[in-house]
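For reference, the structure discussed in these notes is given below.
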Amino acid sequence: MFNKLVMIDVFKNLLSKAKKSYDEFNTADGKIGDGDLGITILNGLEEINNNIDKFKDDLSINFMLCSQAFVKKSGSSFGTLVAFAFMNISKDLKGKNTCDHEDIINIINIAMETIQERGKTKLGDKTILDSLSFILNNLKANKNNVNYSELFKSSTKEALDAFKGKKILIGRARMFEEKTKELDDPGMLALSKLSEVFK
Amino acid sequence: MFNKLVMIDVFKNLLSKAKKSYDEFNTADGKIGDGDLGITILNGLEEINNNIDKFKDDLSINFMLCSQAFVKKSGSSFGTLVAFAFMNISKDLKGKNTCDHEDIINIINIAMETIQERGKTKLGDKTILDSLSFILNNLKANKNNVNYSELFKSSTKEALDAFKGKKILIGRARMFEEKTKELDDPGMLALSKLSEVFK
Amino acid sequence: MKKIINNPSDFVEESIQGLVISHPEIYSFANDNQRVIKRTSKAKNKVGIVSGGGSGHLPVFTGYVGKGLLDACAVGSVFASPSVDQIASAIRNGNNGSGVLCVLGNYGGDVMNFEMACEIVKSEGIETRMIIVSDDIASASNEEKLKRRGIAGLIFTFKIAGASSENGASLEEVYNLTLKANNNLRTIGVAVSSCILPEVGKPTFELENDEIEIGMGIHGEPGIKREKLRKADLLVDDLCKIIFEDFELSNSDKVSIMINSLGATPLEELYIVSKKVNEIFSKKNIEIVKSYVGRYATSLEMAGMSISVLKLDDDLKKALFDHSECPFWIN
Amino acid sequence: MKKIINNPSDFVEESIQGLVISHPEIYSFANDNQRVIKRTSKAKNKVGIVSGGGSGHLPVFTGYVGKGLLDACAVGSVFASPSVDQIASAIRNGNNGSGVLCVLGNYGGDVMNFEMACEIVKSEGIETRMIIVSDDIASASNEEKLKRRGIAGLIFTFKIAGASSENGASLEEVYNLTLKANNNLRTIGVAVSSCILPEVGKPTFELENDEIEIGMGIHGEPGIKREKLRKADLLVDDLCKIIFEDFELSNSDKVSIMINSLGATPLEELYIVSKKVNEIFSKKNIEIVKSYVGRYATSLEMAGMSISVLKLDDDLKKALFDHSECPFWIN
Ligand SMILES: Nc1ncnc2c1ncn2[C@@H]1O[C@H](COP(=O)(O)OP(=O)(O)O)[C@@H](O)[C@H]1O
Ligand SMILES: Nc1ncnc2c1ncn2[C@@H]1O[C@H](COP(=O)(O)OP(=O)(O)O)[C@@H](O)[C@H]1O
Ligand SMILES: [Mg+2]
Ligand SMILES: [Mg+2]
Ligand SMILES: [Mg+2]
Ligand SMILES: [Mg+2]
């Protein structure tokens, strides 16, 4: 069950993972973009952790804090999309202190809708949207005794594998055409690495 | 005896020496100035050698060509002073095809006057003027069977030695005060190195 | 590259404070947001022109605030979009009661944040339109021109929008003229060495000693190809070929060009480039009505340059030459 | 530092050709000399203002040709004085029948060549005076101010001389006002990395990764001391101290300042410096009437910057703000 304490734990772990993967994320982004994905993720997570003692039982408040952290610290696409997603999740969770499986499905759904709307992305463009859709499908397929840690890890990995050999169709990467076939989308890669911390 | 053929020979040798000493002169000048003394000397001598087939028996014409070469190729103090000196020497040698010992004394005299006038330099400022004055004195002291090569070499070397421990009092170097005591004046150093080619 | 800075985290704040304190007659801080710069003498009854984007590109973006150019600008962190808040404040401050045209470069974060900010101010009664500048040939094919990034050509659109609004045009009219400018605009750039982000402290990318990158973006995003460094004339030939392949220009056309340094590349080199560009255009009988040569859109101390071409008609030409007041644009 | 150039030996010719072809309304070649740039619209009946010096410092020297600034300029090779011929031609071309003021930096080659050129044109009936600009505090003690080099402060003297001549002052009057400007002028600079001469192909000097050189000249001549790189505010504090020790400025004084990049140092850093300078001066109650921040006198792609202070009286202030026309000076 997801609640304030789990959320605090997750974001602490995410931060330490982001520190370790800082160079890897920047480098992956640098191959096809401006090389700031590590900065974006680290800055956002640091700012969340700076505010983690403001976390309340009401998860809505916490997601709003997370959104504000990314708004404040990031000006890159990834950070902006995450900020918008957290904001919409926050709105949806108003008054909620815990999340069950259905709520988690709902959260992923909201994130995906936000990214589609704001990022003007479609499924199949080889972005974080596709990683989320693998998570969503697996969440829907497994309702009992879910090991979320394993599910996130394997879903984001599956997504990476599924898109090997496909072109990235959005963002800065788009212009590299063939070259992007061999490369992982940096955002999808980051989600996969970061998923390793889920409990 | 100094004539057109000797002059051609001297300038050919000076050029090959200047090529070898290019870095040394730049570096010496770089310690206290803008590091272009090697460039100045090499460019000027290259331009002279480019025009060396225009040399005539009339030495006046040749010195004017030398002056024009330095005017054209150099904008640094050393090159400008040399250009002015060559011009005044040219004026003085009008119609002359050969120079004897007294003429050579006269040439050095004219060069020194030019430098004093144009460069607003005094003897003792630790510049090429002082090297020339050592040459002049030795020319005056030795009138018979002079080995000019040796005389130029030893005079310019004496000048360098005499000014060790003294401050440079003119040009860009002046501002370094104490530091210039340990350093040779780059112009004096260049004259000393270049003198090694005189026959 | 050694930087003359204080704490890297204060880099943006201090540099825009310096901008405002150095030119108080032109720039002022918005009252409600220290990342928003507005004109010191606010305009009246004209369409507001607002931009915003990452820092590290001065004079882009905020340097172009001034009469006849931008009314207000939101200042992001180095190479990062300003936040929705900041952009919304810039729009409010740039609004003179006649609607606001937002002119921005085509970057994911910027576009999303501007869209959001426009939605917010709409609910406050401010009408907005958006021009997403997309002049960088290297960043997408001609068929996908709308997906191209915005680089040095941005400045032309600022000038056109600013002049048009100053002349009393309506939001619709300003939008249309600026859209025409963006459609008539092409830029192709080349980077020869990297810059260093103050917070990162090492070069964003590395190029070999004899390598250049055609089409590199102003954040160090990879370009279309890495090639050998070659003589300026050959390079300019190739760059102009890329422009002409993308952009049909004919005999009687009039254009303005901008030869822009990414930072470290000195004016002397830009003029060597400009000479060749002028020769190439003149051979094609395309008239260069005006050349801008200098540092108009930079990437900190990156070395490299870009060539921009704006095809002019009478309206665009008039707007380009109209009076403006800002330390980075000479009429 | 990779250069976008053709043959190094064509560097100067091509860059000034580019300058002229890019801004034909401002600059023209002299008919008699391809190393002399003159105003496209020649002035009438005013004192001519002529400068000259080495290339590699754009906009200095020749970029400042234009109405209200220089009438003509002789262009030397990179970091080298123009020849006597070239200077004499510049004086002839800059002469409008009312005598010519030569304004140049204090460098051995330049001074000697200008003196010689002045003698030559005198025999042709052109009256000249010379102002040898000497603003660089680092290059000589206060007692020997006349021996100081001329660096970024040069531009102030161009502007003052140009404005004064444009207003119809006599040669004597223009000379006196420009001399006052030179006496009221101080500059102190710092280099953080070297440039590369096109013909040499390697850095003129090397600084350690954490080293800066206070007082380095614009040709890479050593400065007064090598120190550790430090925060911008501390550095500016020290540089201002050097200025105030040399130059008594008091409570009610009005000044103009120029924060000049040697080339690679970006505008953002200059504004961080300008912010601090403004704060320091404001604490001393010295009024900064106008700040110029940008690349006014460069050394190719050298990194570093200088701070110049011009103390103003009413005449100087008026001349500073007078109208002028050139791509590198905004009124
Ligand atoms: N419009 C979009 N829709 C979905 N995902 C996107 C979009 N733009 C970027 N991303 C994701 O973010 C990652 C890049 O993030 P980031 O470095 O922040 O972009 P940038 O620096 O170009 O603004 C991409 O790999 C992709 O997964
Ligand atoms: N005014 C002067 N009088 C005599 N010699 C001078 C003068 N100025 C320079 N020199 C000589 O020239 C040398 C430096 O030459 P150069 O590099 O051409 O100077 P710069 O580059 O500073 O113009 C000095 O070492 C000195 O010997
Ligand atoms: Mg990125
Ligand atoms: Mg980014
Ligand atoms: Mg020298
Ligand atoms: Mg020199």
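In what follows, every chain begins at residue 1, and chains take the letters A, B, ... in the order their sequences are listed.
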For this session: Calculate, to the nearest 0.5 Å, the distance between atoms OG and CG belonging to D/Ser22 and C/Leu270 respectively.
Result: 9.5 Å
Problem set entry | Distance (rounded to the nearest 0.5 Å) between C/Ile272 CD1 and D/Lys3 NZ | 9.5 Å
Exercise. Does D/Lys2 reach the main-chain N or O of C/Glu208 with its side chain, forming a donor-acceptor pair under 3.5 Å?
Worked result: yes
Exercise. Under a 4.5 Å heavy-atom cut-off, does chain D meet the side chain of C/Pro59, its backbone, both or neither?
Worked result: both
Exercise. Among C/Gln17, C/Met305, C/Arg295, which has the most heavy-atom pairs under 4.5 Å with chain D?
Worked result: C/Arg295
Exercise. Between C/Tyr271 and D/His23, does any side-chain donor sit less than 3.5 Å from a side-chain acceptor?
Worked result: yes
Exercise. Residue by residue, which of residues 7-14 of chain C have a heavy atom closer than 4.5 Å to a heavy atom belonging to chain D?
Worked result: C/Asn7, C/Phe11, C/Glu14
For this session: Say whether, by atom type as modelled, one donor and one acceptor occur between the side chain of C/Glu301 and the main chain of D/Pro266 under 3.5 angstrom.
Result: no
For this session: Output the option from C/Ile21, C/Leu267, C/Ile4 having the highest count of non-hydrogen pairs under 4.5 Å with chain D.
Result: C/Ile4
Exercise. For chain D, which of C/Arg230, C/Glu211, C/Met302, C/Glu25 has the most heavy-atom pairs under 4.5 Å?
Worked result: C/Glu211
Exercise. Between D/Leu19 and chain C, which part of the residue has a heavy atom less than 4.5 Å away: side chain, backbone, both or neither?
Worked result: both
Exercise. With only heavy atoms counted, which part of C/Leu229 is less than 4.5 Å from chain D, the side chain, the backbone, both or neither?
Worked result: side chain
Exercise. What residues of residues 324-331 of chain D sit under 4.5 Å from chain C when you count only heavy atoms?
Worked result: D/Cys326, D/Pro327, D/Phe328, D/Trp329, D/Ile330
Problem set entry | For C/Ser299, all residues meeting side-chain hydrogen bond (donor to acceptor under 3.5 Å, both in side chains), sequence neighbours excluded | none
Exercise. Would a distance-only check, ignoring hydrogens and angles, find a side-chain to backbone donor-acceptor pair under 3.5 Å from C/Asp233 to D/Asn6?
Worked result: no
For this session: Name, in order of residue number, those residues of residues 278-291 of chain D that have a heavy atom at a distance of less than 4.5 Å from a heavy atom in chain C; otherwise write 'none'.
Result: D/Asn278, D/Lys290, D/Ser291
Problem set entry | Over 12 non-hydrogen atoms of neighbours within 6.0 angstrom of NZ in D/Lys228 | yes
Exercise. Which pair of non-hydrogen atoms, one from C/Ser274 and one from D/Gly18, has the smallest distance, and what is that distance?
Worked result: OG-O, 4.5 Å
Exercise. If you round to the nearest 0.5 Å, how far is CD of C/Glu268 from CG of D/Leu300?
Worked result: 5.5 Å
Exercise. Is there a side-chain contact between C/Ile5 and D/Lys231, using heavy atoms and a 4.5 Å cut-off?
Worked result: no
For this session: Select one option (side chain, backbone, both, neither) describing which atoms of C/Ile259 are under 4.5 Å from chain D's heavy atoms.
Result: neither
